[in-house]
Amino acid sequence: MNELFAICRTNQIDGDQPSGFWLAVRTETGETKPWPIVIGRKGNRFFGYENVCPHTGSRLDTEHGQFLDEDGNFLTCGKHRAQFDLDDGNCFIGPCKGQRLVPVTLVIDDGDVCVTGVELAEEDGLDRGDG
């Protein structure tokens, strides 16, 4: 079984607005790079995607922490308003229509939301590219 990395508690993920997290992953060459992800919930089901729009490679939340459309139904890119289905990450409106967000494998373990299937690196002062 792959190693689990706890990101947060399940009760920290609001059903009304997904949350963004910055992790550090180790690349195939051993380098450390920032890895922005978004985790949300729909009822009792959790979903996770890389926080990267497939159209331009920019973060979805151009306004920090704002991931959903005005009605709160779809993940939305703040840059060009592309919309993505919460269940499968498919874009159905916008310039990247037909593309999809990269899923993040989540496991719920004893009240923790964990990622698995990646090699995380511990990095103090990680340059997140917020600027």
Side-chain angles (χ1 to χ4, degrees):
M1 182 170 141
N2 288 330
E3 193 170 355
L4 300 179
F5 300 96
I7 303 304
C8 63
R9 301 288 297 166
T10 55
N11 63 3
Q12 292 176 287
I13 301 296
D14 185 356
D16 294 331
Q17 185 64 244
S19 296
F21 298 90
W22 283 95
L23 306 175
V25 292
R26 193 156 317 281
T27 67
E28 292 176 3
T29 62
E31 296 176 290
T32 298
K33 73 174 194 169
W35 189 45
I37 65 171
V38 56
I39 297 174
R41 73 187 305 164
K42 191 174 165 183
N44 288 328
R45 193 185 74 72
F46 288 81
F47 60 86
Y49 297 102
E50 288 186 2
N51 185 4
V52 178
C53 180
H55 177 234
T56 62
S58 61
R59 291 190 354 232
L60 297 173
D61 61 331
T62 55
E63 189 173 320
H64 182 69
Q66 298 299 311
F67 292 99
L68 298 178
D69 66 321
E70 293 174 1
D71 297 325
N73 295 319
F74 304 104
L75 287 170
T76 302
C77 177
K79 189 167 190 169
H80 58 269
R81 311 310 295 166
Q83 291 187 330
F84 303 87
D85 188 281
L86 297 175
D87 293 321
D88 58 17
N90 281 326
C91 179
F92 59 93
I93 292 175
C96 50
K97 185 176 180 177
Q99 296 180 30
R100 65 185 321 193
L101 298 172
V102 176
V104 173
T105 305
L106 299 178
V107 173
I108 306 304
D109 183 46
D110 196 26
D112 288 327
V113 180
C114 304
V115 296
T116 188
V118 296
E119 185 179 350
L120 294 182
E122 292 188 29
E123 179 85 7
D124 290 331
L126 181 66
D127 178 15
R128 303 180 317 177
D130 282 341

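Atom CZ of residue Arg41 and atom OG1 of residue Thr10 lie 6.0 Å apart, to the nearest 0.5 angstrom. Between Ser19 atom OG and Ile13 atom CD1 the span is 4.0 Å, to the nearest 0.5 Å. The distance from atom CD of Glu119 to atom OG1 of Thr32, rounded to the nearest 0.5 Å, is 9.0 Å.
Cluster annotation: Leu23 is connected to Val118 through the hydrophobic network of ILVMFWY side chains, with a link wherever side-chain heavy atoms come within less than 4.5 Å. In terms of hydrophobic clustering, with Ile, Leu, Val, Met, Phe, Trp and Tyr side chains grouped at heavy-atom distances under 4.5 Å, Ile37 and Leu86 are assigned to different clusters.
Under the 3.5 Å distance criterion, the side-chain polar atoms of Thr76 are matched with a main-chain donor or acceptor of Phe74. Between the side chain of Arg100 and the backbone N or O of Asp88, at least one donor-acceptor pair lies under 3.5 Å. Distance alone, capped at 3.5 Å, places no donor-acceptor pair between the Gln66 side chain and the Glu63 backbone. Asp69 places a side-chain N or O within 3.5 Å of a backbone atom of Asn73 that can act as its donor or acceptor partner. Between the side chain of Glu50 and the backbone N or O of Trp35 there is no donor-acceptor pair closer than 3.5 Å.
With sequence neighbours excluded, the residues that form a side chain to side chain contact (heavy atoms under 4.5 Å, CB included) with Pro95 are His55, His80, Ala82. Residues that satisfy the side chain to side chain donor-acceptor pair (under 3.5 Å) test with Glu28, not counting sequence neighbours, are absent from this structure.
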Begin with the C-alpha distance, continue with both residues' side-chain angles, and end with the deciding distance and a verdict on side chain to side chain contact (heavy atoms under 4.5 Å, CB included) for Leu4 and Asp109.
CA-CA 9 Å; Leu4 300 179; Asp109 183 46; 4.1 Å; yes

Should Asp112 and Asp110 be marked as a side chain to side chain contact (heavy atoms under 4.5 Å, CB included) after you check the CA-CA gap, both sets of side-chain angles, and the distance that decides it?
CA-CA 6 Å; Asp112 288 327; Asp110 196 26; 5.5 Å; no

Show your reasoning for whether side chain to side chain contact (heavy atoms under 4.5 Å, CB included) applies to Asn51 and Phe67.
CA-CA 9 Å; Asn51 185 4; Phe67 292 99; 3.4 Å; yes

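Between Cys114 and Phe5, every side-chain heavy-atom pair lies at or beyond the 4.5 Å cut-off. At a threshold of 4.5 Å between non-hydrogen side-chain atoms, the residues Cys91 and Pro54 do not count as touching. Between Phe84 and Tyr49 the shortest side-chain heavy-atom distance does not fall below 4.5 Å. Within the 4.5 Å cutoff, the side chain of Asn90 has no heavy atoms near those of the Leu101 side chain. Looking only at side-chain heavy atoms (C-beta outward), Val113 and Cys8 come within less than 4.5 Å of each other.
Looking at Thr56, Thr62, Asp61 one by one, the single match for side chain to side chain donor-acceptor pair (under 3.5 Å) with Arg59 turns out to be Asp61. No option in Leu75, Val104, Ile39, Leu106 other than Leu75 meets the side chain to side chain contact (heavy atoms under 4.5 Å, CB included) test with Phe47.
For the pair Arg45 and Asp87, the salt-bridge criterion is met [side-chain N within less than 4.0 Å of a carboxylate O].
Closest non-hydrogen pair, Gln12 versus Arg9, comes out as OE1-N, 2.6 Å. Taking all atoms of both residues into account, the shortest heavy-atom contact from Gln17 to Leu68 is OE1-N, 3.6 Å.
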